[in-house]
Structure formats: C-alpha cells, structure tokens
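One structure is given here, and the rest of the page talks about it.
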Amino acid sequence: MTEQSAAHAAAVTDRARLAGSAYRSDRDLAARQSLYHWQTPRHDLPGIVAGQLSGVRGRVVEVGCGNGTFIQRLRADRPDLALLGLDISAGILARVPGPVAVADAARLPLAPGSADAVLALHMLYHVPDIPRAVSELSRVATPDGLVIASTNSHRDKAELDDLWRRAAGDVLGTGQGPARISLSARFSLEDAPAFLGVEFSRVETIELPGTVTVHDPEPVIAHLASYRAWADQHEAPFDATIERARTIASDHIARHGTFTVTCLSGVLVCRR
Ligand SMILES: C[S@@+](CC[C@H](N)C(=O)[O-])C[C@H]1O[C@@H](n2cnc3c(N)ncnc32)[C@H](O)[C@@H]1O
C-alpha cells in the first residue's frame, strides 16, 4: 500500500470523520444516491434486497443503515419482519423510524445467532477491520441465516474520476491532476467475495451495471461535492476543483448534449 493509499484508508474508516462529518446527516449520502435517478436501467436496489429476503422470517438487522432507505422499504413491503437499524452515526439515524441504535459493525450489540438475516449495504469499506466485521455479521446470523452485502466495482463511475483529475489538473496547472479519494476501493465488488468467503461457503454476486446520462451537470457535481468530508485528503483545492469540474461538464454537455457515467455496483448474497 502506498503512503497515500494508507492515508486514504485511514480517512475512509475514521469514525470521528464518518459520524461527525460525512454521515452526520444524510445530505452527502442523498446526493450520491440521487445520481441513480438518471441511470438506465434503473435498478430497484431495495426491491432486489427485499426479493432476496422473501424466504426469511423473523428478525432482520441492517448494519450501517444510513438514512434508512432499505429499512423503510422493508417496513412497507415486509411488515411481518422485526427490523433493526444500526449505524455509528447518531445524526443520520435521527430521522430513521425506529427501532434503531448507534452501534459499530466491529462489535455488534447482538447475541450469537439472533438475526435471521443481516444486511451490510455499501458500508463494509468504511470499517477499519473488514474481516472482523464480516465475522461479526456471521456471528449474529442464525446458522441458516442470510447475510447480504453490497458495494461498487473498481470500475464504477470512472468518468467521475477522470472528470476530477482533469479539473484538479487545470486548477493546479499540471495537466492530468491527482486522483480523488476512493470510498469503496477497500471492499470492491471484485474483492468482496474473498472477504465474505472466509465466513460463508456460498457467496452469490448479483451485478448491477448501468449508465447515468445527464443533460445538466448538477447531479454529477453534487456527487463530486458529496466527498467534502474528505476535502483535506485531496491534493487540489476542493472547492476550486468542483467549480472547474462544473465548467468542464457544462462544456461537454454543450458540445455533446449529455454527460454519461458508467456504473457498476453489486449485491452479494451469502450463505454458510
Ligand atoms: C454509504 S452509507 C450506506 C447507507 C445504507 N446502507 C445505504 O446503502 O443506503 C454508509 C453508512 O455506514 C455507516 N458506517 C460506517 N462505518 C460503520 C461502522 N463501523 N459500523 C456501523 N455503521 C458504519 C455510516 O455512518 C453510513 O451511514
């Protein structure tokens, strides 16, 4: 690991930064989630997760539930389930209907075998010790319980990484500029089966490819700006890079009519 990627990994997993800034509210998470409104095909991720839970009865725990997108959908679709949302950020939980509790994926406040399904959606890359968190998910699931994780591919949204590097390079006057921080690289769709395979003998990956097409730069700029909690981790001035990215994306749209972003995320369904 390079010195820079070690520093990025520390910043991506820093609890004070996650709970106190990045996910203190759902402002930045919601900006990232809303980019998918412009994706084709539209994947109904909460619906996919609900579908995987069709054979599950009893208690379902979502670890790192954030602003409750999945919990709320499951409450509506599966009123028979006993749902519990956990997150390290009290702030983001404030508007999620209960029961919810502040808890760390590395030390779940649950008895062994007490959950019929455990969800860890787009969150394991934020945990300092991923194997320990996977072992916790396994510990609290019943022997025939289901664990569902999700994350992004290494290739996800490469055009946004390119846009950032161009904008940062223009701001610094260096041609191609330094890369932006990657949030999901520590637990990518490509690496996730190996992490999960330590605890689960069957790990099925459901890939969810798509293309975001926008006619206005703002959804793309809001996505870039949603990394503001990690502004200090970027070698180029954050706000100036965002402004330059807005100009580049606007010029691109003026010339080509649209700006497109290639997405690849996935759901991992794990059984013992
Ligand atoms: C990218 S958001 C995903 C939220 C939700 N699961 C979703 O997919 O919409 C990551 C969430 O994980 C939470 N989180 C980060 N590290 C955590 C940890 N060690 N234990 C529990 N939650 C954590 C964050 O506070 C944040 O709400």
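Just so you know, ligand 1 is whichever comes first in the structure, and atom 1 is the first atom listed for that ligand.
- Using a cut-off of 4.0 Å between Lys/Arg side-chain N and Asp/Glu carboxylate O, Arg244 and Asp170 are scored as salt-bridged.
- The distance from ligand 1 to the heavy atoms of Cys65 drops below 4.0 Å at these ligand atoms: 5 (C).
- Under the 4.5 Å side-chain criterion, counting only non-hydrogen atoms from C-beta, Phe200 is in contact with Ser138.
- At least one heavy atom of Glu62 sits less than 4.0 Å from an atom of ligand 1.
- Here Arg15 pairs with Asp104 in a salt bridge; the nearest charged N to carboxylate O distance falls below 4.0 Å.
- Considering Leu264, Leu208, Asn152 in turn, Leu264 is the only one that fulfils the side chain to side chain contact (heavy atoms under 4.5 Å, CB included) rule with Leu189.
- Checking only distances, Tyr23 never comes within under 3.5 Å of ligand 1, N or O to N or O.
- Asp161 has a carboxylate O that lies under 4.0 Å from a charged side-chain N of Arg180, or vice versa, which qualifies the two as a salt bridge.
- Distance CG/Leu108 to CD/Glu136: 4.5 Å, rounded to 0.5 Å.
- Which parts of ligand 1 touch Ala105 is read off a 4.0 Å heavy-atom cut-off, strictly below it: atoms 18 (C), 19 (N), 20 (N), 21 (C).
- Under a 3.5 Å cut-off, the side chain of Ser89 and the backbone N or O of Tyr23 do form a donor-acceptor pair.
- Near Gly66, the atoms of ligand 1 lying under 4.0 angstrom from a non-hydrogen atom of the residue are 4 (C), 27 (O).
- The contact set between ligand 1 and Gln33, taken as ligand atoms under 4.0 Å from a residue heavy atom, comprises 9 (O).
- Residue His126 approaches ligand 1 through these ligand atoms, each under 4.0 Å from one of its heavy atoms: 10 (C), 15 (C), 16 (N).
- Under a 4.0 Å N-O distance rule, the pair Asp28/Arg228 qualifies as a salt bridge.
- Protein heavy atom closest to atom 14 (N) of ligand 1, with residue, atom name and distance, is Ile88 CG1, 3.6 Å.
- The protein heavy atom nearest to atom 7 (C) of ligand 1 is Phe70 CE1, 3.7 Å.
- On a distance-only criterion, Met123 and ligand 1 share no N/O pair closer than 3.5 Å.
- Of all the heavy atoms in Glu199 and Arg272, the pair that sits closest is O-CG, 4.0 Å.
- Distances below 4.0 Å separate heavy atoms of His122 from the following atoms of ligand 1: 1 (C), 2 (S), 3 (C), 8 (O), 10 (C).
- With respect to atom 21 (C) of ligand 1, the closest heavy atom belonging to the protein is Ala103 O, 3.4 Å.
- Close contacts between ligand 1 and Tyr125 involve ligand atoms 1 (C) [criterion: under 4.0 Å to a heavy atom].
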In sequence, state the C-alpha distance, the side-chain angles, and the governing distance for Arg186 and Asp191, and then conclude on salt bridge (charged side-chain N to carboxylate O under 4.0 Å, His left out). CA-CA 8 Å; Arg186 300 178 62 252; Asp191 300 336; over 6 Å; no
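- Here's the thing with Asp104: one of its N/O atoms is less than 3.5 angstrom from an N/O atom of ligand 1.
- Among Leu124, Asp87, Leu93, Leu86, the residue whose heavy atom lies nearest to atom 27 (O) of ligand 1 is Asp87.
- Of all the atoms in ligand 1, the ones that sit under 4.0 Å from a non-hydrogen atom of Gly64 are 4 (C), 5 (C), 6 (N), 11 (C), 12 (O), 13 (C), 22 (N).
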